[in-house]
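Working notes, beginning with the structure itself.
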Amino acid sequence: ASRTIAAQWFERKRGRALGLVALGGSLSLALVPLANDVLIDRFGWRIAWRIDAVVIWLVLVPLVALAVRGKPEDVAQHPDGHPPLVRPPAEVPSRVETASAWGPRQAMRTRTFWLLLGASMVPGLIVTGLDFNQISILTGDGLSSTTAASVFTVSAIAALLASFAGGWLVDRGPPRYVLAIGQGALAVAMLVLIAVDGTGWAIAYGAVRGLALGTWAVAIDATWPAYYGRRRLGSIRGITFAAEIVGAALGPIPFGLVYDATGDYTAAILGLLILPVAAAGAVLAATPQD
């Protein structure tokens, strides 16, 4: 919802706005795994879960309820703060943005929708499978559990930097090229993970993984409204997020099955490597209203 709301409030500088929204996710990824590691070590995982729940209910839920508004029109405002008739020429959005009123059914009749939807399932599938098993993978390579958890922090820092860079690029050219960079970086991260034999390689993996997630997240959030407009964006994103969740739900399964069969994760990583490569090709072929 936060990513969709940001896309509703901004058009001209949407990429940079989404990069700022990604700051929250990056900080969370940097701090929460380390904090949870401390909580689990001191209190056990059950108490750690309860502490997390209390923070969500007493801090995050009230903050969202009081501060967040879904669209600028809900409070008599306009995207970018400018009424449509007085926007400077450089800030006038594209024809696709202003003229289209795509609904989910219309969007699903286009080839581009299915190319983007299929590609959107890949990062969640791969990353969830890797993240669920990251401690096991890296401790199996001789690293401590604390070092393995710290890789999340490295990844978060890289994702933060990549989010800002990706947002800048999205505001200056077709977002599909930034999407392809994200998928390509994910493929590279998988190869680096296979090569890990010490702390340096683990840090490199975290950095490339963060690059992949940061660029992809900003670019895909900017692509949907750029291609299909803002009017029915929530409905369209509901479908696409559901597909992403399906991918994330499936992700850990092949890793677990391969590990049970072979005692190692390498075959799963290599077998799934084709997915981000294919997804990179799909997003490059996804053009507006095609």
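Counting begins at 1 with the first residue of the sequence. These numbers come from a predicted model, not from an experiment.
Among pairs with a residue in residues 203-216, those fulfilling side-chain hydrogen bond (donor to acceptor under 3.5 Å, both in side chains) read Asp131-Arg209, Ser155-Arg209, at least two apart in sequence or across chains. Screening residues 238-248 for side-chain hydrogen bond (donor to acceptor under 3.5 Å, both in side chains) gives Arg237-Thr240 as the qualifying pairs, with residues at least two apart or on separate chains. The stretch residues 158-167 participates, sequence neighbours left out, in no salt bridge (charged side-chain N to carboxylate O under 4.0 Å, His left out) pair at all. Sorted by first and then second residue, the salt bridge (charged side-chain N to carboxylate O under 4.0 Å, His left out) pairs with a member in residues 195-205 form an empty list; sequence neighbours excluded. Pairs passing the salt bridge (charged side-chain N to carboxylate O under 4.0 Å, His left out) check and including a residue from residues 164-193, sequence neighbours excluded, read Arg16-Asp171.
Note that CH2 of Trp201 is 11.0 Å distant from CD1 of Ile194, once rounded to the nearest 0.5 Å. Taking CZ of Phe113 as the start and OG of Ser120 as the end, the distance is 9.0 Å to the nearest 0.5 Å. Taken from CE in Met121 to CG in Leu250, the straight-line distance is 6.0 Å, to the nearest 0.5 Å. Here Leu138 contributes atom CG and Ser145 contributes atom OG; the two are 11.0 Å apart, rounded to the nearest 0.5 Å. Here CD1 of Ile253 is found 11.5 Å from OG1 of Thr128. Values are rounded to the nearest 0.5 Å. Here CG of Leu125 is found 6.5 Å from CG of Leu272. Values are rounded to the nearest 0.5 Å.
Val154 shares a hydrophobic cluster with Ile203; the chain of contacts runs through ILVMFWY side chains whose heavy atoms sit under 4.5 Å apart. Residue Val258 shares its hydrophobic cluster (ILVMFWY side chains chained together at separations under 4.5 Å) with no other residue.
Side-chain heavy atoms closer than 4.5 Å link hydrophobic residues (I, L, V, M, F, W, Y) into clusters, and following such links, possibly through other members, connects Leu233 to Trp114. Placement of Leu213 and Ile181 in two distinct hydrophobic clusters is found when ILVMFWY residues are connected by side-chain heavy-atom separations under 4.5 Å, directly or transitively. The hydrophobic cluster containing Phe152 does not contain Ile40, counting ILVMFWY residues as joined when their side-chain heavy atoms lie under 4.5 angstrom apart, directly or transitively. The cluster map of Ile, Leu, Val, Met, Phe, Trp and Tyr, joined by side-chain heavy atoms under 4.5 Å apart, puts Val196 and Phe132 in different clusters. Cluster membership for Leu18 and Phe164, using ILVMFWY side-chain heavy atoms within less than 4.5 angstrom, is not shared.
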Output, in order, the C-alpha distance, side-chain angles, deciding distance and verdict of side-chain hydrogen bond (donor to acceptor under 3.5 Å, both in side chains) for Tyr228 and Thr110.
CA-CA 11 Å; Tyr228 297 106; Thr110 65; 2.7 Å; yes

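In this structure, Ala243 and Leu117 approach most closely via the heavy-atom pair CB-CD1, 3.5 Å. Looking at every heavy atom in both residues, Ser163 comes nearest to Val218 through O-CG2, 3.7 Å. The minimum heavy-atom distance between Ile135 and Ala148, with the atom names listed, is CD1-CB, 3.6 Å. Between Leu34 and Ser150, the closest heavy-atom pair is CD2-OG, 4.0 Å. The heavy-atom pair separating Ala162 from Gly210 by the smallest distance is CB-O, 4.1 Å. Minimum heavy-atom separation, Tyr227 to Leu116: CD2-CD1, 4.0 Å.
Residues Ile269 and Leu130 form a side-chain contact, since some pair of their non-hydrogen atoms from C-beta on lies under 4.5 Å apart. In this structure, Pro33 and Thr153 have side chains that are not in contact, with every pair of non-hydrogen atoms separated by 4.5 Å or more. In this structure the side chain of Tyr177 never reaches within 4.5 angstrom of the side chain of Leu169, judged on heavy atoms. A heavy-atom distance below 4.5 Å is found between the side chains of Pro72 and Arg230. For the pair Leu275/Leu186, no side-chain contact is recorded, criterion being any heavy-atom separation below 4.5 Å from C-beta on.
In this view, Asp264 and Thr266 satisfy the side-chain hydrogen bond (donor to acceptor under 3.5 Å, both in side chains) rule, not counting sequence neighbours. In this structure Tyr265 satisfies the ring pair (Phe, Tyr, Trp, His ring centres under 6.0 Å) test together with Tyr259, sequence neighbours excluded. With sequence neighbours excluded, the residues satisfying side-chain contact (heavy atoms from CB on, under 4.5 Å) with Leu273 are Ala187, Met190, Leu191. Annotation: side-chain hydrogen bond (donor to acceptor under 3.5 Å, both in side chains) contacts of Thr147 (sequence neighbours excluded): Ser144.
In Leu257, the CG atom is crowded: over 12 heavy atoms of neighbouring residues, nucleotides or ligands sit closer than 6.0 Å.
In terms of modelled atom types and a separation under 3.5 Å, the side chain of Arg14 and the main chain of Trp9 share no donor-acceptor contact. Although no hydrogens or angles enter the test, the distance criterion places a donor-acceptor pair under 3.5 Å between the side chain of Gln106 and the main chain of Gly103. A distance-only check finds a donor-acceptor pair linking the side chain of Gln183 to the backbone of Ala119 [under 3.5 Å]. Using modelled atom types, no side-chain atom of Gln134 and backbone atom of Ala149 make a donor-acceptor pair closer than 3.5 Å.
A side chain to side chain contact (heavy atoms under 4.5 Å, CB included) with Pro175 holds for exactly one of Thr223, Asp221, Val283; it is Thr223.
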Report, one line per pair, each donor and acceptor closer than 3.5 Å where one atom sits in a side chain of residues 44-63; sequence neighbours left out.
none

